[in-house]
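Everything quoted here is computed from the prediction, not taken from an experiment.
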Amino acid sequence: MSTEAQKLPIEKVRNIGISAHIDSGKTTLSERILFYTSKIHAIHEVKGKDQVGATMDFMELEREKGITIQSAATYCMWKDYNINLIDTPGHVDFTIEVERALRVLDGAVLVLCSVAGVQSQSITVDRQMRRYKVPRLCFINKMDRAGANPFRGIQQLREKLRHNAHFVTYPIGAEDQFKGVVDLVTMKAFYFDGENGENIREEEVPADLMSEVTKYREELISAAAEYDEGLAEKYLDGKPVTVDELRAGIRKGCLSLGLTPVFMGSAYKNKGVQILLDGVLSYLPSPTEKENIALDQNNAEAPISLKAEPELPFVGLAFKLEDGRYGQLTYMRLYQGSINKGDFIINSTNGKRVKVPRIVRMHANEMNDVDAAKAGDIVALFGVECSSGDTFTDGKVKYSMTSMFVPDAVISLAIAPKDKSGETNFSKALNRFTKEDPTFRVHRDDESNQTIISGMGELHLEIYCERMKREYNCEVVVGKPQVAYRETITTKAPFNYTHKKQTGGSGQFGRVAGYLEPLPADAVLQYEFVDEITGGVIPRNFIPAVDKGFREAIKEGKLIGFPIVGVRCVIEDGAYHAVDSSEQAFKTAGLMGFREGYERANPVVLEPIMKLEVTAPEEFQGSVMGQVNQRRGVIVNSGTQEGYCVIESEVPLSEMFGYSTDLRSATQGKGEFSMEFLKYMAAPRNVQDELMKKYQERRAKEAKG
């Protein structure tokens, strides 16, 4: 980082992320931002491996596939402000990259395609932004494309995402006639000349647009006035509003998450990006304006509001790990205080004291060494061993930050190295990937002795298999995908189990009685333990052992051997023996009591249901719908726009393997789809019977073997 950027007051720092549906032009937009801020001297496009490739897509795989896989961090200067920027993936399989970026950012830019508008992944990204209370601007991109319609985009922002969205810029033309934008705040027209749109020409608003532009400016003032009393008074009295007053009102609305300022342009055609950058400075928060909460471990986890001041005790969050050329690279957001090279910091999670040997600022995969970092900065540290989501302090306080939301895996594969010689590298790769990516999980199946990897989708796991081959020279053999089924109960059922065992010496005794019941469908927790024991029929010190027994029981259901979810276990009665009762006895009683109740509670198999959105030319609408129906899909919504049909449906994951190939062949390669996990639902009887039959056969085979 330049000394100039380090000396900047914290009010002149912006930490922003760029998020959107896949193929909306996030990486292209990031590339233009880097060019206009003089961070790079030539623009590269998101292309195949024969091209140089975009700066932020630095992995070889990203350049080949033309998609972003890992979020990439960089920083740049614009009009004496320092912008820390994270470009995030759009594909739902890499959703953790978006989660962890939004967890540490102060503001975001939601990119929409001017033709497609709000797509399924835009909805997911918006949900993630709300989860972390991130103020955002919206940039309607690809205004040069045939069918570009920003008015439909803003309508969808209001209807589908419930945003109070208002234009801050207005388009001059559209499609191949898109020439520039009118800034509704300053009421000036801006055109972007030169080979890369670097020369901004400011002119008066074209006369033919004046009435429309005035109408939208009035709407903008009215919306901003809701958040600023001074502006509201002027607006109601019909007095003219100054540029600074309007900016201040929009800023207040944006920071309170009540208003979404909407910009537009074409990143590919180099139009409108600089005006968006001005908007980032004007409307998104500095690190001092976003509230960040830590929990005080020395005071019963009381919430503490962190202040972005360098003199206070240091607090930072490790939000992403990467295995770099020189060892582990730990990305860290500093929320309070400052650190210098050579300082000792303490990991709040495990109490370990570690030295900071090197601090770098990341520009994609380039590193620039710095000696110090302060509150509000996003840096990377070398030689600091930790896990993703760990909090670090300087030891003066014992705080921990709330971690990011990690979704459950929905798909698993059996995987093994092709050659015995690759086993060491295979283990190294799995260790590294699980450390880097909390949604990538590995476990050993004791029954089949196979290594099972689990993740967010086929592409997610395919990318990791490919990375093993390239980065670790380890080819792998992959088994058939397995779906993460679950089991649950549908009715309330009692249990009353006595565990009695007499061996030489003291025996084992414990009785538990109570009932199991299904949790409500919208319950946050998937397992609940309720202790209703009265009169000391089970001593207090044995109650946790019963809970342990229940927890053991829900790991594997009796129907198909998958985990059990959505169960409340209530104990009301029991008995103990002064000599023979022990923790182990009550744990076993809990385990066996649960199994007894489970069989009576009408258990069913749950299967993961995916939300599927397919876009294809209208002439293929019939065959696309036919394919969805064949795969047990339920069509929820379908519509057409600009010659394309958009079909939204809910489909079981087990039916979706190989769908991309089928869709391509049915639509002459023109169909696209995106899919994300939606919910668990009871599997139809025939599917459940088939799964149970396979499970019984496997158990019988193992018993013989």
Please find the pair of heavy atoms, one from Asn347 and one from Cys386, that lie closest to each other, and give the distance.
ND2-CB, 3.8 Å
Of all heavy-atom pairs linking Ser305 and Ile293, the shortest is CA-CD1, 4.0 Å
Looking at Arg441 and Thr434, would you say the former's side chain and the latter's main chain have a donor-acceptor pair under 3.5 Å?
no
Would you indicate whether the side-chain heavy atoms of Leu110 and Leu157 approach each other to under 4.5 Å?
yes
Go through Leu259 and Lys252 one step at a time and tell me if the side chain to side chain contact (heavy atoms under 4.5 Å, CB included) criterion holds.
CA-CA 8 Å; Leu259 181 68; Lys252 282 180 184 170; over 6 Å; no
Just by distance, do the side chain of Arg14 and the backbone of Leu284 share a donor-acceptor pair under 3.5 Å?
yes
Give me the ring orientation class for Phe440 and Tyr464: parallel if the planes are under 30° apart, tilted from 30 to 60°, perpendicular past 60°.
tilted
Using 30° and 60° as the class boundaries, would you call the ring planes of Tyr283 and Phe263 parallel, tilted or perpendicular?
tilted
When rounded to the nearest 0.5 angstrom, what is the spacing between CG in Asn82 and CG in Asn15?
8.0 Å
To the closest 0.5 Å, what do you measure between SG (Cys138) and CG (Leu112)?
4.0 Å
Going by atom types alone, do Ser122 and Gln119 pair a side-chain donor with an acceptor below 3.5 Å?
no
Can you give me the closest heavy-atom contact between Leu334 and Ser338, atom names plus distance?
CD2-CA, 4.4 Å
Answer yes or no: are there more than 12 heavy-atom neighbours, outside Lys428 itself, under 6.0 Å from its atom NZ?
no
Do Cys474 and Lys469 pass the side chain to side chain contact (heavy atoms under 4.5 Å, CB included) test, and can you show the C-alpha distance, the side-chain angles, and the key distance before you say yes or no?
CA-CA 5 Å; Cys474 170; Lys469 185 174 153 188; over 6 Å; no
Under 3.5 Å: donor-acceptor pair, side chain of Asn425, backbone of Tyr472
yes
Test: Arg333 cationic atom under 6.0 Å from Tyr335 six-membered ring centre, within 45° of axis:
yes
Is there a side-chain contact between Arg467 and Phe433, using heavy atoms and a 4.5 Å cut-off?
yes
Between the main-chain N or O of Asn196 and the side-chain N or O of Glu198, is there a donor-acceptor pair closer than 3.5 Å?
yes
How far does CG of Asp193 sit from CG of Asn270, to the nearest 0.5 angstrom?
11.5 Å
May I ask you to say whether Glu385 pairs ionically with Lys352, meaning some side-chain N is under 4.0 Å from a carboxylate O?
no
Ser266 OG to Leu29 CG distance, which is reported to the nearest 0.5 Å
10.0 Å
Closest non-hydrogen atom pair between Val442 and Ile453, with its separation
CG2-CG2, 3.9 Å
Does any non-hydrogen side-chain atom of Met129 lie less than 4.5 Å from one of Ser19?
yes
For the pair Asp377 and Arg361, evaluate side chain to side chain contact (heavy atoms under 4.5 Å, CB included) and give the outcome as yes or no after the intermediate values.
CA-CA 9 Å; Asp377 285 341; Arg361 301 274 304 198; 3.7 Å; yes
So for atom CG, which belongs to Asn473, do other residues, nucleotides or ligands contribute more than 12 heavy atoms lying within a distance under 6.0 Å?
no
Identify the residue among Phe192, Tyr191, Phe190 that makes a side-chain contact (heavy atoms from CB on, under 4.5 Å) with Lys271.
Phe192
Heavy-atom closest pair, residues Ile359 and Leu381
CG1-CD2, 3.9 Å
Any side-chain heavy atom of Val397 within less than 4.5 Å of one from Gln336?
no
Are there over 12 heavy-atom neighbours, none belonging to Lys398, within less than 6.0 Å of that residue's NZ?
no
Do Thr391 side-chain atoms and Met401 backbone N/O form a donor-acceptor pair below 3.5 Å?
yes
What distance separates Ile140 CD1 from Ser114 OG, expressed to the nearest 0.5 Å?
7.5 Å
Taking it one step at a time, do Asp278 and Arg247 satisfy salt bridge (charged side-chain N to carboxylate O under 4.0 Å, His left out)?
CA-CA 11 Å; Asp278 289 343; Arg247 275 203 186 121; over 6 Å; no
Can you tell me how far CZ of Arg103 sits from CZ of Arg131, rounded to the nearest 0.5 angstrom?
12.0 Å
Quick check: closest heavy atoms across Gly197 and Gln274, and the distance to 0.1 Å?
O-NE2, 2.8 Å
Evaluate the side-chain proximity of Asp437 to His460: yes if any heavy-atom separation is below 4.5 Å, no if none is.
yes
Decide yes or no for Phe392 and Val384: does some side-chain heavy atom of the first lie under 4.5 Å from some side-chain heavy atom of the second?
yes
Would you indicate whether the side-chain heavy atoms of Ile275 and Val168 approach each other to under 4.5 Å?
no
Quick check: do Glu99 and Tyr132 have side-chain heavy atoms less than 4.5 Å from each other?
yes
Side-chain donor/acceptor pairs under 3.5 Å, residues 307-316, sequence neighbours excluded:
none

Test item: Glu31 side-chain N/O and Ala267 main-chain N/O as donor-acceptor pair under 3.5 Å:
no
Could you go through Val109 and Leu276, starting from their C-alpha distance and side-chain angles, then the distance that decides it, and tell me whether this counts as side chain to side chain contact (heavy atoms under 4.5 Å, CB included)?
CA-CA 9 Å; Val109 177; Leu276 172 69; 4.2 Å; yes
Between the main-chain N or O of Ser282 and the side-chain N or O of Arg251, is there a donor-acceptor pair closer than 3.5 Å?
yes
